[in-house]
Amino acid sequence: MAKGYGRMPGMGGGMNMNMIKQAQKMQQDMLRMQQELQEKEYSAASGGGMVTATVNGKHELKNLTIDPEAVDPEDVEMLQDMVVAAVNEAMRAADADAASTMQSLTGGLNLGGLGL
């Protein structure tokens with residue numbers, strides 16, 4: 001074997017089976033966690049509770065509740081703003097939960113490109 005090829009001294013032959021198994025387990029755990037996060041629901045309210053939105057981890061709007069007192073034909077813009085605010089806050093909660101969960105799973109490793 002020519003010099004410079006083959007095993008590198010002190011490297012133990014590269015990744016060992018234990019490291020490979022740990023990586024596979026982490027990948028399985030991440031896939032399971034992503035599935036759970038997509039199914040979870042997040043709610044947020046705006047306008048002092050006049051509008052409540054519920055989204056899932058896939059950013060699908062699952063439920064929207066509007067208090068009848070919030071319906072003012074003279075001020076439709078305010079109702080629209082409350083709906084947008086509630087939906088956006090629920091989505092932010094979903095994103096924050098996903099980021100926190102994945103960070104705890106990966107120990108803070110930056111595994112960019114894994115797409116949550």
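These numbers come from a predicted model, not from an experiment. The first residue in the sequence is number 1, and the count goes up from there. Scope of the values below: all heavy atoms of this structure, side chains included, with no hydrogens, waters or symmetry mates.
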- Indicate whether any N or O donor in one side chain lies under 3.5 Å from an N or O acceptor in the other, for Thr65 and Thr52.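 No.
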Practice task
Walk me through it: do Leu64 and Val51 pass the test side chain to side chain contact (heavy atoms under 4.5 Å, CB included)?
Solution key: CA-CA 7 Å; Leu64 181 65; Val51 175; 3.9 Å; yes
Should [X] and [Y] count as side-chain neighbours, where that means a heavy-atom distance under 4.5 Å?
X     : Y     : result
Asp95 : His59 : yes
Asn16 : Ile20 : no
Val83 : Gln80 : no

Nearest heavy-atom contact between Ala85 and Ser46 is CB-CB, 4.0 Å
(Q) Using every non-hydrogen atom in the two residues, find where Ala90 and Ala44 come nearest and quote the distance to one decimal. (A)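 Nearest pair, atom of Ala90 first, then Ala44: N-CB, 3.5 Å.
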So, taking the atom named [atom1] in [X] and the one named [atom2] in [Y], what distance separates them when rounded to the nearest 0.5 Å?
X     : Y     : atom1 : atom2 : value
Leu31 : Met26 : CG    : CE    : 12.0 Å
Met30 : Leu37 : CE    : CG    : 10.5 Å
Leu61 : Met91 : CG    : CE    : 7.0 Å

*Is the backbone of Thr54 close enough, under 3.5 Å, to the side chain of Ser43 for a donor and an acceptor to pair up by distance?*
no
Show every salt bridge (Lys or Arg N to Asp or Glu O under 4.0 Å) that has at least one partner inside [range], sequence neighbours left out.
range          : answer
residues 34-58 : Arg32-Glu36, Lys40-Asp97
residues 59-68 : none
residues 73-86 : none

Check for me, please, whether Val87 and Val71 land in the same ILVMFWY cluster - side-chain distances under 4.5 Å, paths through other members count.
yes
Q) Can you check side chain to side chain contact (heavy atoms under 4.5 Å, CB included) on Met82 and Ile66, steps first, answer last? A) CA-CA 9 Å; Met82 286 190 289; Ile66 300 173; over 6 Å; no
